[in-house]
Engineer: 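Got a structure for you, questions after.
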Amino acid sequence: MTFGVLAIWVVALAALALCARRSPVVARRAVVDAGSALWRVLPVMLMALPMAALLAELIPAGWAEDWLGPDSGMVGVVLASLAGGLLPGGPFVAFPLVLGFLKAGAGPAQMVALISGWAILGMHRTLAWELPILGGRFIVLRLVASFALPVLAGLSAELLLPLFPGIPLR
Amino acid sequence: MLRRNATFLVISALTLAAAFAVWWLRGMGAVRHALGATWDLILTVLPSILGGLLLSAALRQLVPPGALARWMGAESGLRGLLVATAAGMVMPGGPVAAFPVVLVLAQAGADRGALIAFVLAWSLNGFQRIVVWELPILGPDFALLRLICGLPLPILAGLIARWLPIRWTPADAPGMRPSGKTGP
């Protein structure tokens, strides 16, 4: 059990205790809500989880180091931002893929751009959730306001990278 | 309900197609290798997911989203964007929870800049996602670098959205229905 898991459980139980202090009904509603959310999330997740590993098997060896390596600079940052926007699924797909890319020799700044592109441009989430709830006009406003930001994140990461000696460069 | 099943079917079809492609191009050993990696991943993240869902549900009981909205109106200036960014970061849960909250905030008076800042802060720097996924999988150094680079972006996007001549009102959202009525 890592520190992150422990932290989230401590905070979750503290929040649940606050609910219980308000009223046992509120606490029970929180637990029931969490259970029904798990029931809704789990089937999709269990089907989506193998996708990251399978895609990782399909991505040609050397792709990450050839195109998104530490020396790929601005071009790599732009490519990574776009690739991030096309990355399917939730965090359980994206982060393991990024770990795979880093191990295969992709540059950290390019991976910052990739994660930012995934979070900001993510086609899958935009089409599956944002469009039905908020409508096309909101998506246009949001994308026009933010399409360049993943590149900005990648470039700032490039500048800040010397301050993070703990991140291995291959 | 329909959308949920559609999502499940699309994801399942994509995963099966990927499995078939791996089997076709790389052989059965590669499929088995991928499934083994998946199993390890499930064991790693399941405790975080259970804790994260509980945290999300408990916070939703404690924090009424409408209470934040009066801080995020069109006249709220930079402070409104900062508040929206902070709210987006502590917003737990996936897109199922976050986008409906955008509607609630909009109805309660948040302007488009604040809404964009909220959505971006949630999707880019959501605290729960960082703790549950990014930190355990990619490690603290990379997660910190990524967070520092992402921190100013929601405010920037909010400023751009306020400056852009694209107007958006809650009435433009398909998900917005008068309370108590179910739309066609």
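Order of the sequence lines sets the chain letters (A, B, ...), proteins ahead of strands, with each chain counted from 1.
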Engineer: Group every Ile, Leu, Val, Met, Phe, Trp and Tyr by side-chain heavy-atom contacts under 4.5 Å, then state whether A/Leu155 and A/Val112 land in the same group.
Structural biologist: no
Engineer: Name the member of B/Leu144, B/Leu16, B/Leu138 that forms the most heavy-atom pairs with chain A at distances under 4.5 Å.
Structural biologist: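 That would be B/Leu138.
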Engineer: Could you grab the distance from atom OG of A/Ser156 to atom CG of B/Leu151, nearest 0.5 Å is fine?
Structural biologist: 11.0 Å
Engineer: Mind checking the CE-CZ spacing from A/Met111 to B/Arg146? Nearest 0.5 Å is all I need.
Structural biologist: 13.0 Å
Engineer: Evaluate the criterion side chain to side chain contact (heavy atoms under 4.5 Å, CB included) for residue pair B/Leu135 and A/Phe95; output intermediate values, then yes/no.
Structural biologist: CA-CA 10 Å; B/Leu135 214 50; A/Phe95 288 116; over 6 Å; no
Engineer: Going by the rule side chain to side chain contact (heavy atoms under 4.5 Å, CB included), which residues pair with B/Ala121 if we only count those two or more places apart in sequence or in a different chain?
Structural biologist: B/Thr85, B/Met89, B/Pro154
Engineer: Would you mind checking which part of B/Leu145 comes under 4.5 Å of any heavy atom in chain A, side chain (CB onward), backbone (N, CA, C, O), both or neither?
Structural biologist: both
Engineer: Less than 4.5 Å to any heavy atom of chain B: does that hold for the side chain of A/Phe164, its backbone, both, or neither?
Structural biologist: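 Only the side chain of A/Phe164 comes within 4.5 Å of chain B.
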Engineer: Roughly how far, to the nearest 0.5 Å, is CG of B/Leu115 from CG of A/Leu141?
Structural biologist: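 Rounded to the nearest 0.5 Å, the CG-CG separation comes to 9.0 Å.
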Engineer: Name the region of B/Leu120, side chain, backbone, both or neither, that has any atom closer than 4.5 Å to a heavy atom of chain A.
Structural biologist: side chain
Engineer: Is there a side-chain contact between A/Val11 and B/Val131 (heavy atoms, below 4.5 Å)?
Structural biologist: no
Engineer: Shortest non-hydrogen contact from B/Arg167 to A/Arg137?
Structural biologist: O-NE, 2.6 Å
Engineer: Do B/Leu147 and B/Trp133 share a hydrophobic cluster, counting only Ile, Leu, Val, Met, Phe, Trp and Tyr and linking them when any side-chain heavy atoms are less than 4.5 Å apart?
Structural biologist: no
Engineer: Under the side chain to side chain contact (heavy atoms under 4.5 Å, CB included) rule, what do A/Ile115 and B/Leu124 come out as? Steps first, then yes or no, please.
Structural biologist: CA-CA 8 Å; A/Ile115 294 176; B/Leu124 201 55; 5.9 Å; no
Engineer: Side-chain contact test, heavy atoms from C-beta onward, threshold under 4.5 Å: evaluate it for B/Glu134 versus A/Val98 and give yes or no.
Structural biologist: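 No, side chains not in contact.
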Engineer: Please determine, among A/Ala153, A/Gly166, A/Pro150, A/Ala145, the option with the most heavy-atom pairs under 4.5 Å with chain B.
Structural biologist: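 The candidate making the most pairs under 4.5 Å is A/Ala145.
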Engineer: Report the residues that fulfil side chain to side chain contact (heavy atoms under 4.5 Å, CB included) with B/Val31, sequence neighbours left out, ordered by chain and then residue number.
Structural biologist: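 Only B/Val22, B/Trp23, B/Met28, B/Leu35 meet the side chain to side chain contact (heavy atoms under 4.5 Å, CB included) criterion with B/Val31.
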Engineer: Are B/Trp163 and B/Leu78 joined in one hydrophobic group, where the rule is that I, L, V, M, F, W and Y side chains link up if heavy atoms are under 4.5 Å apart?
Structural biologist: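 No.
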Engineer: Can you name the nearest heavy-atom pair linking A/Pro50 to B/Thr38, along with the distance?
Structural biologist: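 Residues A/Pro50 and B/Thr38, closest heavy atoms: CA-OG1, 3.4 Å.
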Engineer: Side chain to side chain contact (heavy atoms under 4.5 Å, CB included) with A/Val140: which residues, sequence neighbours excluded?
Structural biologist: A/Val144, B/Ile166
Engineer: Of the listed residues (A/Ala30, A/Ala148, A/Cys19), which shares the most heavy-atom pairs with chain B below a 4.5 Å separation?
Structural biologist: A/Ala30
Engineer: Check whether any side-chain heavy atom of A/Ser146 lies under 4.5 Å from a side-chain heavy atom of B/Ile116, and answer yes or no.
Structural biologist: no
Engineer: Taking B/Ala117's backbone N and O only, do any of them form a donor-acceptor pair with A/Arg142's side chain (distance below 3.5 Å, no angle check)?
Structural biologist: no
Engineer: Do the side chains of A/Phe138 and B/Arg112 get nearer than 4.5 Å, heavy atoms only?
Structural biologist: no
Engineer: Could you check whether atom CZ of A/Phe101 has more than 12 heavy atoms from other residues, nucleotides or ligands sitting under 6.0 Å from it?
Structural biologist: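 Result for CZ/A/Phe101: enclosed.
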Engineer: Taking B/Asp141, B/Val119, B/Leu156, B/Ile148 one by one, which has the highest count of heavy-atom pairs under 4.5 Å against chain A?
Structural biologist: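 Top option by heavy-atom pairs under 4.5 Å: B/Asp141.
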Engineer: Going by residue number, which parts of residues 73-81 of chain A are within reach of chain B, meaning a heavy-atom gap below 4.5 Å?
Structural biologist: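 Not one residue of residues 73-81 of chain A has a heavy atom under 4.5 Å from chain B.
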Engineer: Are A/Leu163 and A/Ile167 connected, step by step, through hydrophobic side chains (Ile, Leu, Val, Met, Phe, Trp, Tyr) whose heavy atoms are closer than 4.5 Å?
Structural biologist: yes
Engineer: Report which part of B/Ile130 has an atom under 4.5 Å of a heavy atom belonging to chain A: side chain, backbone, both, or neither.
Structural biologist: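 Answer is neither: B/Ile130 stays 4.5 Å or more from chain A.
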Engineer: Are B/Met91 and B/Leu82 joined in one hydrophobic group, where the rule is that I, L, V, M, F, W and Y side chains link up if heavy atoms are under 4.5 Å apart?
Structural biologist: no
Engineer: Judged by atom type as modelled, is there a donor-acceptor pair below 3.5 Å linking the side chain of B/Trp168 to the main-chain atoms of A/Ile139?
Structural biologist: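 Between the backbone of A/Ile139 and the side chain of B/Trp168 there is no qualifying donor-acceptor contact (under 3.5 Å).
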Engineer: Check whether B/Ile137 gets within reach of chain A through its side chain, its backbone, both or neither, counting any heavy atom under 4.5 Å.
Structural biologist: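 Both backbone and side chain.
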Engineer: Main chain of A/Met47, side chain of B/Thr15: is a donor-acceptor contact present, judged purely on distance under 3.5 Å?
Structural biologist: yes
Engineer: If you round to the nearest 0.5 Å, how far is CG of A/Asp33 from CG of B/Leu54?
Structural biologist: 10.5 Å
Engineer: Heavy-atom distance under 4.5 Å between the side chains of A/Pro91 and B/Val132, does that happen here?
Structural biologist: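 A/Pro91 does not reach B/Val132 side chain to side chain.
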Engineer: Does any backbone or side-chain atom of A/Leu149 lie under 4.5 Å from a heavy atom of chain B? Answer side chain, backbone, both or neither.
Structural biologist: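 For A/Leu149, backbone and side chain are both near chain B.
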